[in-house]
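Single-structure report; data block below.
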Amino acid sequence: KEATMDFDVFLCHTSIDKPAVKKIAEQLKEQGLLPWLDVWELRPGLPWQRALEEQIEHIQTAAVFVGKEGIGPWQQMELEAFLREFVHRGCPVIPVLLDYAPKEPQLPVFLRGMTWVDFRKVGSEPLENLIWGITGKRKSSY
């Protein structure tokens, strides 16, 4: 997958949430998935917007991470692009509440309508649910 850059999921997040998102990205890799994470994929010296556009047009799933600060301005732009693109292709956009997200997070209206993954719950269930959202297969199937 890495050689062909066949990513399973785009990890959409704010910079303040990057450490938590990176940890989840590493867990996804341990499960055989290939997440697209900016710090791993954006080559210094090249325009990063072009790389984001390419992923948004081709990737099959987006996970939108929400921490205590909610959705950031650039993250909002990515989210809107995913929603527009994915309507045509029927791809999932998965809201992911990080373990330190507020009790009642402020989610954009269109994101509120999606089934979310809640890392505020203890145990392996949130990661399993995220993998199910990405692959379309429940734990017993992957």
Side-chain angles (χ1 to χ4, degrees), residues 1-102 105-142:
K1 285 185 172 184
E2 285 187 47
T4 59
M5 298 184 74
D6 184 21
F7 296 100
D8 295 300
V9 60
F10 184 101
L11 304 182
C12 178
H13 62 285
T14 63
S15 57
I16 196 165
D17 295 325
K18 192 175 299 295
V21 173
K22 189 174 180 183
K23 181 180 173 186
I24 292 170
E26 290 166 353
Q27 293 172 327
L28 292 172
K29 284 181 91 170
E30 289 170 7
Q31 297 298 316
L33 296 175
L34 186 58
W36 191 95
L37 184 62
D38 56 358
V39 294
W40 293 345
E41 304 304 329
L42 293 178
R43 181 178 165 197
L46 296 177
W48 55 272
Q49 292 93 339
R50 201 171 303 144
L52 293 181
E53 287 175 351
E54 184 175 315
Q55 287 308 314
I56 290 169
E57 289 177 345
H58 295 100
I59 205 157
Q60 295 300 308
T61 307
V64 180
F65 290 87
V66 180
K68 61 183 158 195
E69 301 296 322
I71 302 284
W74 188 260
Q75 188 182 21
Q76 179 68 36
M77 297 274 294
E78 292 173 353
L79 171 59
E80 291 169 7
F82 278 118
L83 290 170
R84 280 190 307 272
E85 179 69 20
F86 285 10
V87 161
H88 300 292
R89 296 192 281 135
C91 301
V93 177
I94 308 164
V96 181
L97 302 179
L98 293 168
D99 59 1
Y100 50 85
Q106 298 291 356
L107 299 176
V109 173
F110 287 113
L111 197 57
R112 261 185 257 156
M114 309 293 187
T115 305
W116 60 50
V117 172
D118 193 344
F119 274 88
R120 297 173 302 179
K121 295 180 179 179
V122 179
S124 61
E125 181 185 326
L127 184 64
E128 292 170 6
N129 284 337
L130 180 56
I131 293 169
W132 178 19
I134 294 166
T135 64
K137 299 174 187 167
R138 289 181 183 239
K139 182 179 181 181
S140 60
S141 304
Y142 62 82

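Worth saying up front: this structure is predicted, and the values here are computed from it rather than measured.
In this structure, CH2 in W40 is found 5.0 Å from CD in E26, a value given to the nearest 0.5 Å. The NZ atom of K18 sits 12.0 Å away from atom CD1 of I16, with the distance rounded to the nearest 0.5 Å. Separating the CD atom in E125 from the CG atom in L127 is a distance of 11.0 Å, to the nearest 0.5 Å. To the nearest 0.5 Å, atom CZ of residue F110 and atom CG of residue L83 are 7.5 Å apart. Between the CG atom in D38 and the CG atom in L11 there is a gap of 8.5 Å [rounded to 0.5 Å]. From Q76, atom CD reaches atom OG1 of T14 across 12.5 Å, with rounding to the nearest 0.5 Å.
Under the side-chain hydrogen bond (donor to acceptor under 3.5 Å, both in side chains) criterion, no residue pair touches residues 64-73, with sequence neighbours excluded. For residues 68-87, the pairs satisfying ring-ring contact (aromatic ring centres under 6.0 Å, His included) are F10-F82, W48-W74, F82-F86, with sequence neighbours left out.
Side chain of Q75 to main chain of C12: a donor-acceptor pair is present (N/O by atom type, distance under 3.5 Å, no hydrogens or angles). In this structure, Q60 contributes its side chain and H58 its backbone to a donor-acceptor pair below 3.5 Å.
Across I59 and V9, no two heavy atoms sit closer than the pair CD1-C, 3.3 Å. Nearest heavy-atom pair, L98 versus R120, reported as atom, atom and distance to 0.1 Å: O-CG, 3.3 Å. Nearest approach of T61 to D8, heavy atoms of both residues: CB-O, 3.5 Å. G133 and I94 get closest at one heavy-atom pair: C-CD1, 3.5 Å. Contact detail for Y100 and A20: the closest heavy-atom pair is OH-CB, 3.7 Å. The shortest non-hydrogen separation linking W36 to E41 is NE1-CB, 3.4 Å.
By the salt bridge (charged side-chain N to carboxylate O under 4.0 Å, His left out) test, K22 pairs with no residue at all, sequence neighbours left out.
Side-chain contact of Q31 with Q27: a donor-acceptor pair under 3.5 Å is absent, judged by distance alone.
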Go through V64 and E78 one step at a time and tell me if the side-chain contact (heavy atoms from CB on, under 4.5 Å) criterion holds.
CA-CA 9 Å; V64 180; E78 292 173 353; over 6 Å; no
Trace of the side-chain contact (heavy atoms from CB on, under 4.5 Å) decision for I24 with F119:
CA-CA 10 Å; I24 292 170; F119 274 88; 3.9 Å; yes
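For R50, the CZ atom sits in a loose shell: 12 or fewer heavy atoms of surrounding residues, nucleotides or ligands are nearer than 6.0 Å. Residue E80 qualifies as enclosed at atom CD: its count of foreign heavy atoms under 6.0 Å is above 12.
Side-chain contact between V66 and W116: absent, with no pair of heavy atoms (C-beta onward) separated by less than 4.5 Å.
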